[in-house]
Amino acid sequence: MPKKGELSKTARASLANRETVNHLTTRVCDQCGERIMLAELQPVKVLGTGMKYYHKEHFKVG
């Protein structure tokens, strides 16, 4: 049992194993035509045509 204010052994292990998963996906940005990294991927559901994919900085609402 962890003491008050301490994390359990499992909680400490899960915090230590965190990595940011970021890799190049097969999705292509509809605006610029380049492949998108996972962290920058912005999927958008368009009625009638299905899913479109953009870089987060390329997709603006409004």
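Heads up: numbering here begins at 1 and tracks the sequence. What you are looking at is a predicted structure, and each value in this text was computed from that prediction instead of being measured. All values below were derived from every heavy atom in this structure, side-chain atoms included, with hydrogens, water molecules and symmetry-related copies excluded.
Of the inter-residue distances, the one linking L38 atom CG with H23 atom NE2 reads 5.0 Å to the nearest 0.5 angstrom. Atom NZ in K52 sits 11.0 Å away from atom SG in C29 (nearest 0.5 Å).
Annotation for Y54 and D30: closest pair CE2-CB, 3.7 Å, computed over non-hydrogen atoms. The nearest pair of heavy atoms linking E40 to H55 is OE1-CD2, 3.2 Å.
The closest donor-acceptor contact from the side chain of R35 to the backbone of T25 lies under 3.5 Å.
For the side chain to side chain contact (heavy atoms under 4.5 Å, CB included) test, no residue two or more places apart in sequence or in another chain qualifies with L47. With sequence neighbours left out, the salt bridge (Lys or Arg N to Asp or Glu O under 4.0 Å) criterion links K56 to no other residue.
L24 and Y53 are not part of a single hydrophobic cluster, where members link through side-chain heavy atoms under 4.5 Å apart.
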request  = Output, in order, the C-alpha distance, side-chain angles, deciding distance and verdict of side chain to side chain contact (heavy atoms under 4.5 Å, CB included) for Q42 and V44.
outcome  = CA-CA 6 Å; Q42 179 66 48; V44 179; 4.3 Å; yes
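In this structure, the side chains of R27 and L41 come closer than 4.5 Å at one or more pairs of heavy atoms.
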